[in-house]
2 protein chains.
Amino acid sequence: MARPKFADRDFLDAALAIAAERGPLAATVGAIAERLGAPVGSFYHRFPSRDVLLGELWLRTVLDFQQGITAALDAGDGLRAALHTPQWVRTHLDEARLLLLYNRDDFLQGGWPEALRDGVAAQTRHMESGFSRFAQLVFGRAGRDEIRRAQFLLAELPVGAVRQHLQRREMPPPIVDELIRITYDAVIADYRARQKR
Amino acid sequence: MARPKFADRDFLDAALAIAAERGPLAATVGAIAERLGAPVGSFYHRFPSRDVLLGELWLRTVLDFQQGITAALDAGDGLRAALHTPQWVRTHLDEARLLLLYNRDDFLQGGWPEALRDGVAAQTRHMESGFSRFAQLVFGRAGRDEIRRAQFLLAELPVGAVRQHLQRREMPPPIVDELIRITYDAVIADYRARQKR
DNA sequence: TATATTCTAGAATATATATTCTACAGCGAC
DNA sequence: GTCGCTGTAGAATATATATTCTAGAATATA
């Protein structure tokens, strides 16, 4: 062995900080290395390419994010799952900017590196199963319509409500949770009313 | 005079097509010129820089988009204003991808070119006044809370509900309008109920 | 201690892209 | 018809960035 001055983690963190500050495009290999005081050689000693680094960063972030939603679903608490987004954003501003302000593939130069394909596919499946579970939980059924509503309540709504605050790098105010709650109740009530007819 | 083979418009359209297809990053000067069969010299004969072209493209698109919302507000129809987004998206898939899938400054290399600053500022003001007008219209008041709700109903909600379809390059299905309607009614009803207390 | 291994270090290279430059062609004004 | 303007045409240039390469240092293990 030799004397590692930097860990994989350090590069990921540096990249996160830069991406959160100036966008994923600014997270160049040079910028990352410079921020860390490391030579680019050390970067390439750990990561085969910039895309792999950014891909890993995205994966690690999304997994952390989803954990809270999964936990809420495990506990059978749909509303908590929907409110997890503003909660998580408040404690993970940088990560949230990376995850919620940019499209999944937008920071990859090329496509997803082979090495990460499986991880991304697993993540996608996990997310989809989350929607199904949510639909089953609050609607008692997971058909096309129920899943579409689940996507709305669990993802589109909370992310939408939080975006403008992320853009301004500020913590989402309580009104955000309030709006999510109101909408959550309304969509479920509407579904049930529709069932009766 | 000479014989213009290309118009400003042609470059803007070519850039739009490329950006909608492969993202704004792919809209390089080379790619735009190639798609048009024009030499890059002609590009720079018309636009001082790539940023100016992309900025103008964004402005022209957002103005077109906002027009419908403004019209609905003029007619005193708040719901129509909220539903304008899915409507417009259906008839302007490419433009919508450009406008709603990326952040305003994300395709500009540098900041906004001096020449466009005023236009962007005016656009921002116009958007803010739209929120105020909406708040006044449906809440009868345009305080902090009312404006925040207006932003939610007019922008975050519709854009959020439409995003996944844009990503898949497909037209938003009717359920999208349905979800917007449900939420619209619920948020307004909640506001009124809160007033009573 | 000798040696292989793991890293640091940063220069060299390749490539993509924006931007500039030079040459020339059509067309109206004179 | 010639001059000058507006554009076309595309080669040349500059720069940013990813990636590779060469050198050498530190440590574990034999």
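Remember, it's a predicted structure, so these values are computed and weren't measured experimentally.
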Side-chain N or O of R46(B) closer than 4.0 Å to phosphate OP1/OP2 of dT8(D): yes
Protein-nucleotide distance (F6(B), atom CZ; dT6(D), atom P), rounded to Å: 19 Å
Over 12 non-hydrogen atoms of neighbours within 6.0 angstrom of CZ in R168(B): yes
Nearest-angstrom distance from the residue atom CG of D10(A) to P of dT8(C): 10 Å
Residue-phosphate contact under 4.0 Å: S42(B) side-chain N/O, dT8(D) OP1/OP2: yes
Distance, rounded to the nearest Å, where L54(A) contributes CG and dT19(D) contributes C1': 15 Å
Aromatic ring pairing W112(B)/W58(B), orientation class (parallel under 30°, perpendicular over 60°, tilted between): perpendicular
Distance in angstrom units between Y44(A) OH and dA18(D) P, rounded: 6 Å
Selected nucleotide, minimal atom distance to S49(B) side chain, candidates dT8(D), dA9(C), dT19(C): dT19(C)
Proximal nucleotide (of dA18(D), dG10(D), dA18(C)) relative to the V29(B) side chain: dA18(C)
R50(B) CZ - dT20(C) C1' separation (whole Å): 18 Å
Out of dT8(D), dA25(D), dG10(C), whichever nucleotide has its closest atom nearest the side chain of V40(A): dG10(C)
Contacts of F43(A) that satisfy ring pair (Phe, Tyr, Trp, His ring centres under 6.0 Å) - sequence neighbours left out: F11(A), F47(A)
dA9(C) OP1/OP2 closer than 4.0 Å to side-chain N/O of K5(A): yes
Nucleotide pairing, DNA chain D (Watson-Crick or G-U, distances under 3.5 Å), in dot-bracket with [ ] and |: ||||||||||||||||||||||||||||||
Electrostatic pair R181(B):D190(A) at N-O distance under 4.0 angstrom: no
Nucleotide nearest R3(A) when distance is taken to its side chain, options dT27(D), dA18(C), dA18(D): dT27(D)
Spacing of L36(A) atom CG relative to dT8(C) atom C1', expressed in whole Å: 12 Å
Sugar-phosphate, base or nothing in reach of G41(B), heavy atoms under 4.0 Å: base
For D74(B), all residues meeting side chain to side chain contact (heavy atoms under 4.5 Å, CB included), sequence neighbours excluded: T70(B), R133(B)
R35(B) and E21(B) ion-paired at < 4.0 Å: yes
Whole angstrom value for the distance that separates C1' of dT19(C) from CG of L53(B): 14 Å
Between P of dA18(D) and CG of D51(A), the distance in whole Å: 10 Å
Aromatic ring pairing F139(A)/Y191(A), orientation class (parallel under 30°, perpendicular over 60°, tilted between): tilted
